[in-house]
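Proteins get letters first, then strands, A, B, ... in listed order; numbering begins at 1 in each. All heavy atoms count here, side chains included; hydrogens, waters and symmetry mates do not.
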Amino acid sequence: MKRTNLVLLAIVLLLVILPLVLPLPGGLKKPFSGTDNQGQNAIVTANPDYRPWFEPLWKPPSAEIESLLFALQAALGSGLLGYYLGLRRGQSQARRQARNRVDASD
Amino acid sequence: MHIAEGFLPPLHAAAWMAVSLPFVAVSAYRVDRLMREQPQIKLLLAAAGAYAFILSALKLPSVTGSCSHATGTGLGAILFGPSVMALLGTIVLVFQALLLAHGGLTTLGANVFSMAIAGPWIAHAVFHGSRRLHAPLAVSVFLAATLGDWATYLVTTGQLALAFPDPVSGVAGAAVKFAGVFALTQIPLAIIEGLLTVIVINLLNQNSRQELDLLAFAPGDVR
């Protein structure tokens with residue numbers, strides 16, 4: 001199981017790294033821009049008269065603050081998920097040890 | 001898949017809100033009942049929510065030279081059922097709309113529908129379909145999470161095409177255009193989500209079998 005997971009993780013890493021080292025498709029204006037922004041631009045280009053009728057209540061004041069908040073989001077998630085997985089692993093190891101102790105004392 | 005604030009005409013925004021609201025209401029009810037009836041699985045539920053938090057925060061590069069993010073909603077959908085994920089996905093989307101100016105309040109209904117409703121339901125359907133065809137657990141999980149992720153972006157494509165049909169080629173033409181932005185880029189990222197979800201399920205199968213049994217998840221697949 002451990003080996004399976006390591007292999008899967010290696011494939012994930014490969015899929016993330018490959019786009020960064022492979023040559024970019026030709027005609028790309030801005031490499032690695034977000035699809036959400038591209039979607040927005042496609043709307044504006046095709047419908048130059050469209051005006052967004054609502055603005056975000058608050059915007060991160062700079063790219064740094066934005067990346068701070070994205071990092072915070074990922075960190076909160078990882079902290080909780082890591083806590084959960086670590087807790088259960090510890091518990092199942094403790095159960096296994098307790099079982100072995102009982103078996104040994106039989 | 002985040003449609004930006006104000007980027008759906010008011011009528012479309014309201015319609016998607018109306019479609020999504022009942023799902024989220026039912027979801028809140030289901031989550032509440034789940035936590036009262038099976039308090040032992042609270043932590044696993046939180047972990048599934050955390051997984052969606054992580055994956056939707058990471059914008060990953062794709063071979064198309066664009067960046068996009070996974071959704072992370074497939075895991076919870078196959079563990080707890082799709083209706084539970086509507087609430088968890090909505091929490092993620094509200095966080096991003098308020099703090100990151102990513103997505104928006106007016107487009108919340110549409111974004112909830114693609115990421116927190118359509119994705120989880122597709123993942124759920126694919127998972128149970130492939131289990132019924134006796135596909136191995138890992139394969140079913142992979143297909144469910146991958147296709148659920150991809151479906152989310154196809155729904156976004158459809159939503160934008162309906163709102164902004166091409167003057168010449170109509171909704172279909174606009175769908176092709178928006179699919180060009182979302183669908184291709186998302187394929188490797190959806191595969192990444194599929195693989196990561198298999199890893200998490202493997203870990204759960206190893207150490208959280210008690211909770212999985214409570215949820216009647218993949219009985220007989222103990223390793």
Side-chain angles (χ1 to χ4, degrees), chain A residues 1 4-5 8-9 11-12 15-20 22 24-25 28 30-44 46-47 50-60 66 69-85 87-93, chain B residues 1-7 9-10 43-44 46-47 49-54 56-68 95-102 104-106 138 153 156 160 164 166 174 177-178 181-182 185-186 188 191-192 195-196 198-199 202-204 206-208 223:
Chain A
M1 189 47 61
T4 316
N5 278 351
L8 293 176
L9 206 57
I11 302 174
V12 168
L15 282 170
V16 177
I17 294 166
L18 269 184
L20 300 175
L22 286 177
L24 287 167
L28 206 64
K30 251 176 84 191
F32 297 116
S33 64
T35 52
D36 286 346
N37 287 335
Q38 293 171 19
Q40 211 170 314
N41 292 341
I43 296 173
V44 178
N47 308 270
Y50 187 80
R51 292 278 169 274
W53 54 283
F54 202 80
E55 289 289 312
L57 300 176
W58 185 79
K59 268 185 189 167
E66 187 182 357
L69 288 166
F70 267 115
L72 179 71
Q73 191 193 330
L76 286 174
S78 315
L80 185 55
L81 185 64
Y83 168 78
Y84 172 82
L85 292 173
L87 179 70
R88 288 292 180 263
R89 182 172 152 80
Q91 284 171 335
S92 84
Q93 272 176 341
Chain B
M1 45 66 56
H2 292 82
I3 302 177
E5 187 76 280
F7 266 87
L43 202 54
L44 179 59
Y51 183 71
F53 238 63
I54 304 170
S56 60
L58 300 176
K59 292 185 204 158
L60 301 166
S62 172
V63 280
T64 55
S66 301
C67 272
S68 191
F95 178 96
Q96 295 184 323
L98 291 179
L99 292 181
L100 291 156
H102 218 68
L105 296 177
T106 58
Y153 281 79
T156 303
L160 289 178
F164 300 100
D166 190 89
K177 184 181 66 188
F178 288 117
V181 172
F182 292 112
T185 295
Q186 198 60 25
I191 292 173
I192 288 175
L195 296 172
L196 287 175
V198 173
I199 293 178
N202 282 343
L203 292 172
L204 294 179
Q206 230 168 14
N207 296 323
S208 303
R223 281 162 222 252

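In terms of heavy atoms, A:Ala42 sits closest to B:Phe178 at CB-CE2, 3.9 Å. The two residues B:Ala101 and A:Pro56 have their closest heavy-atom pair at CB-CB, 3.9 Å. B:Phe7 and A:Pro52 get closest at one heavy-atom pair: CE1-CG, 3.4 Å. Heavy atoms only, all atoms of each residue included: B:Gly6 and A:Tyr50 are closest at O-OH, 2.7 Å. Summarising the geometry of A:Trp58 relative to B:Leu98, their closest heavy-atom pair is CE3-O, 3.8 Å, with the distance given to 0.1 Å. The heavy-atom pair separating A:Gln73 from B:Leu100 by the smallest distance is OE1-CD1, 3.6 Å.
With respect to chain A, the highest number of heavy-atom pairs below 4.5 Å among B:Thr64, B:Thr185, B:Val198 belongs to B:Thr64. Among the candidates A:Pro31, A:Ala46, A:Ser78, the residue making the largest number of heavy-atom pairs closer than 4.5 Å to chain B is A:Ser78. With respect to chain A, the highest number of heavy-atom pairs below 4.5 Å among B:Pro188, B:Pro9, B:Ala174 belongs to B:Pro9. In terms of non-hydrogen atom pairs under 4.5 Å with chain A, the most contact-rich of B:Gly104, B:Ala52, B:Ser56 is B:Ser56.
A 4.5 Å side-chain heavy-atom check between B:Leu43 and A:Tyr83 finds at least one atom pair inside the cut-off. Inter-residue side-chain proximity for A:Leu8 and B:Asn202 is flagged as met; some heavy-atom pair is nearer than 4.5 Å. Taking the side chain as every heavy atom from C-beta outward, B:Ile54 and A:Leu76 never approach each other to under 4.5 Å. Annotation: side chain of A:Trp53 is in contact with side chain of B:Thr106 (closest heavy-atom distance under 4.5 Å). Side-chain contact between B:Ile191 and A:Val12 is absent, with no heavy atoms from C-beta onward closer than 4.5 Å.
The CG atom of A:Leu80 sits 10.0 Å away from the CZ atom of B:Phe53 when rounded to the nearest 0.5 Å. Expressed to the nearest 0.5 Å, how far OG1 of A:Thr35 lies from CZ of B:Phe182 amounts to 5.0 Å. In this structure, A:Asp36 CG and B:Ser68 OG are separated by 6.0 Å, a value rounded to the nearest 0.5 Å. Rounding to the nearest 0.5 angstrom, the gap separating the CG atom in B:Leu195 from the CG atom in A:Leu9 is 9.5 Å. Taken to the nearest 0.5 Å, the CD atom of A:Gln93 stands 7.5 Å off from the CG atom of B:Asn207. Atom CD of B:Glu5 is separated from atom CD of A:Gln40 by 10.5 Å, given to the nearest 0.5 angstrom.
Heavy atoms closer than 4.5 Å to chain A are found in the side chain of B:Leu58, but not in its backbone. When heavy atoms are compared at a cutoff of 4.5 Å, B:Phe95 approaches chain A solely by way of its side chain, counted from C-beta outward. Using a 4.5 Å cut-off between heavy atoms, B:Ile3 makes no contact with chain A at all. Only the side chain of B:Leu160 comes within less than 4.5 Å of a heavy atom in chain A; its backbone stays farther off. Only the side chain of B:Gln96 comes within contact range of chain A, with at least one heavy atom under 4.5 Å from a heavy atom of that chain. Heavy-atom distances place both the backbone and the side chain of B:Ser66 under 4.5 Å from chain A. For A:Asn47, the part lying near chain B is the side chain, with the backbone staying farther off; criterion is any non-hydrogen pair under 4.5 Å. The contact between A:Gln38 and chain B is made by backbone and side chain atoms together, counting heavy-atom distances below 4.5 Å. Using a 4.5 Å cut-off between heavy atoms, A:Leu20 touches chain B through its side chain atoms alone. Of the two parts of A:Leu22, only the side chain, counted from C-beta on, holds a non-hydrogen atom closer than 4.5 Å to a non-hydrogen atom of chain B. Heavy-atom distances place no part of B:Thr156 under 4.5 Å from chain A, backbone and side chain included. When heavy atoms are compared at a cutoff of 4.5 Å, A:Ile17 does not approach chain B at all.
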### Test log, rule side chain to side chain contact (heavy atoms under 4.5 Å, CB included), inputs B:Ile192 and A:Ile11
CA-CA 8 Å; B:Ile192 288 175; A:Ile11 302 174; over 6 Å; no
